Amino acid sequence: MNADAIIIGAGACGLMCAVQAGYLGKKVILLERNEKPGAKILISGGGRCNYTNQFASAEQFISSNPHFIKSSFTQFTIDDTINFFETYGISGKEKTLGQLFPDEKNAKDVVEVFTSICAGLGQEIRCNADVKDIEILADGFKVSYEKNGKSIAITADKLVIATGGLPIPKMGATDFALRFARKNNLKIIETAPALVPLTITGKDEEWFAQLSGNSVFCEVSNDDISFEENILFTHWGLSGPAILQISSFWRRGEVVNINLLPHYNIAQLLDEERKLNGKTLLSTLLNRFYTKKFTDALGKFLPLNKPVASLTKIEIETITQTIHQFKVKPAGDKGYDKAEVMRGGIDTNEISSKTLECKKIPNLFFGGECLDVTGWLGGYNFQWAWSSGYVIAQNL
């Protein structure tokens with residue numbers, strides 16, 4: 001055998017797994033299709049890497065079995081993640097909503113932590129390694145891959161598949177894990193892009209496009225859940241944190257509700273303004289909360305040039321409806337090219353929640369994004385990657 005374990009995929013989960021296995025004296029070989037390890041880590045958070053979230057729990061994950069990740073999060077907690085990075089010189093700085101970014105460091109430094117520990121522990125990372133085949137042997141696994149035009153085969157007692165999901169194909173994302181799972185009769189929960197911008201087409205397309213670049217703090221909701229963060233208008237529809245969050249819960253054909261002024265009651269504001277200065281134009285009032293461009297665009301629906309004292313009851317109802325219940329029916333999403341993560345994946349019922357070992361194929365482990373575990377935006381998916389990598393390493 002060439003190693004105690006082979007890890008396919010040197011992303012967040014695979015790297016953490018290699019390091020933790022090394023601490024336990026286990027030799028692993030990491031196979032990475034890209035030129036460098038940690039491709040997705042390097043681009044996350046605009047190169048700054050939102051590496052965990054202080055509030056991460058099973059509540060912020062979408063899965064057909066929402067309890068599945070609880071064991072992993074108990075075995076390797078948020079505090080464990082924070083302590084791990086602090087040990088290697090990366091301390092966290094909270095941006096918003098519990099999101100931790102490296103203070104005075106960036107995504108490159110996060111990857112450097114793993115590559116330097118791997119080097120120190122003798123864990124081998126082989127990049128430009130394109131895995132072609134996995135053979136299940138009586139006493140382990142044989143993995144065949146191509147590197148620089150050469151075919152190479154290696155063997156190990158145990159195998160870890162941590163190849164991520166389908167998003168961002170140009171970063172080397174593939175459906176490798178899903179194909180392997182299907183071939184071996186493991187159930188797959190239907191996959192779709194998640195944390196992804198939504199597109200608007202048809203009669204409303206032009207109205208959204210003219211607002212491209214405008215950002216508004218909103219509450220975005222559907223029947224199941226709501227998020228309060230910024231939305232960003234783009235020339236093809238809507239993006240920004242609140243839209244990315246709701247996209248994981250949105251299904252084609254559904255309407256998304258946008259409260260354009262959370263924490264305020266527009267009818268109350270109009271009433272107060274009427275008492276103070278009834279001559280104030282509706283546009284003047286709205287300009288206190290929005291850019292002039294956004295207020296002007298609302299002129300398609302609202303009587304902007306009317307003094308607040310002259311507004312009729314029906315007009316006030318229309319204003320309230322428009323501001324607090326702005327309805328949008330997206331045509332679709334921007335697909336895996338622009339998605340941050342994948343929804344769905346290998347059914348967690350196929351995997352032991354305590355060890356992340358495949359129930360049907362002993363000594364085979366799956367971790368990270370290829371499983372049916374999808375976190376919210378804001379460092380949650382990284383926490384799942386670190387925790388799952390740690391858990392697998394304990395069982396190699």
Side-chain angles (χ1 to χ4, degrees), residues 4-5 7 9-26 28 30 37-38 40-41 44 49-63 65-92 94 98-102 107 109-111 113-118 121 123 158 160-165 341 345-346 348 351-358 364-376 378-396:
D4 294 308
I7 301 173
C13 174
L15 288 168
M16 181 60 93
C17 187
V19 163
Q20 296 292 341
Y23 291 156
L24 298 170
K26 293 164 187 171
V28 305
L30 259 107
K40 224 170 159 185
I41 300 173
S44 69
C49 187
N50 173 197
Y51 65 93
T52 190
N53 193 297
Q54 287 169 298
F55 306 130
S57 73
E59 305 294 310
Q60 297 89 19
F61 286 82
I62 305 162
S63 173
N65 176 5
H67 302 291
F68 178 78
I69 67 167
K70 287 179 178 174
S71 174
S72 295
F73 274 21
T74 306
Q75 292 181 63
F76 194 79
T77 64
I78 295 113
D79 284 346
D80 291 329
T81 297
I82 292 166
N83 293 336
F84 171 83
F85 284 108
E86 279 181 358
T87 302
Y88 296 98
I90 291 177
S91 53
E94 187 185 354
Q99 299 169 12
L100 287 189
F101 287 80
D109 299 302
V110 172
V111 175
V113 164
F114 292 104
T115 52
S116 60
I117 302 172
C118 281
L121 293 171
Q123 304 293 49
K158 303 195 176 186
V160 180
I161 297 182
T163 51
V341 290
I346 297 163
T348 55
I351 312 294
S352 159
S353 63
K354 287 190 176 65
T355 63
L356 302 185
E357 185 175 8
C358 180
L364 169 67
F365 299 81
F366 290 96
E369 200 186 333
C370 62
L371 289 170
D372 173 34
V373 174
T374 307
W376 292 4
Y380 298 101
N381 289 293
F382 272 131
Q383 183 57 46
W384 163 239
W386 312 135
S387 292
S388 58
Y390 173 89
V391 169
I392 294 167
Q394 306 312 300
N395 294 286
L396 292 180

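Just so you know, these numbers come straight off a predicted model, no measurement behind them.
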Is there a donor-acceptor pair under 3.5 Å between the side chain of [X] and the backbone N or O of [Y]?
X    : Y    : value
Q123 : A18  : yes
K26  : A393 : yes
N53  : Y380 : no
Q99  : G378 : no
N50  : L100 : yes

>> Give me each pair satisfying side-chain hydrogen bond (donor to acceptor under 3.5 Å, both in side chains) with a member in residues 386-396, each pair once, sequence neighbours excluded.
In response: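 Of all non-adjacent pairs touching residues 386-396, those that pass side-chain hydrogen bond (donor to acceptor under 3.5 Å, both in side chains) are Q383-S387.
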Check [X] against [Y] and note the closest heavy-atom contact, atom names and distance.
X    : Y   : value
V28  : A21 : CG1-CB, 3.9 Å
L121 : V19 : CD1-O, 3.7 Å
L30  : A10 : CD2-CB, 3.2 Å

[atom2] on [Y] to [atom1] on [X], rounded to 0.5 Å:
X   : Y    : atom1 : atom2 : value
N65 : S353 : CG    : OG    : 7.5 Å
M16 : F76  : CE    : CZ    : 4.0 Å
T74 : K354 : OG1   : NZ    : 10.5 Å
I7  : L396 : CD1   : CG    : 6.5 Å
C17 : L356 : SG    : CG    : 9.5 Å
T52 : D80  : OG1   : CG    : 10.5 Å

> Is the centre of the Y51 ring less than 6.0 Å from the centre of the F84 ring?
Replying inline: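 No - the distance between ring centres of Y51 and F84 does not fall below the 6.0 Å cut-off.
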How about [X] and [Y]: do any of their side-chain heavy atoms sit closer than 4.5 Å?
X    : Y    : value
L15  : P37  : yes
C49  : V111 : no
F382 : I41  : yes

> With respect to F61, which candidate in W384, W376, F73 satisfies the ring pair (Phe, Tyr, Trp, His ring centres under 6.0 Å) definition?
Replying inline: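 Testing each of W384, W376, F73 against F61, the sole residue satisfying ring pair (Phe, Tyr, Trp, His ring centres under 6.0 Å) is F73.
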>> S63 vs I69, test: side chain to side chain contact (heavy atoms under 4.5 Å, CB included). Steps then yes/no.
In response: CA-CA 9 Å; S63 173; I69 67 167; over 6 Å; no
Side-chain donor-acceptor contacts of residues 365-372 below 3.5 Å, not counting sequence neighbours, with atom names and distances?
unit_1, atom_1, unit_2, atom_2, d
E369, OE1, K40, NZ, 2.9
E369, OE2, M342, N, 2.7
D372, OD2, S64, N, 2.9
D372, OD2, S64, OG, 2.7

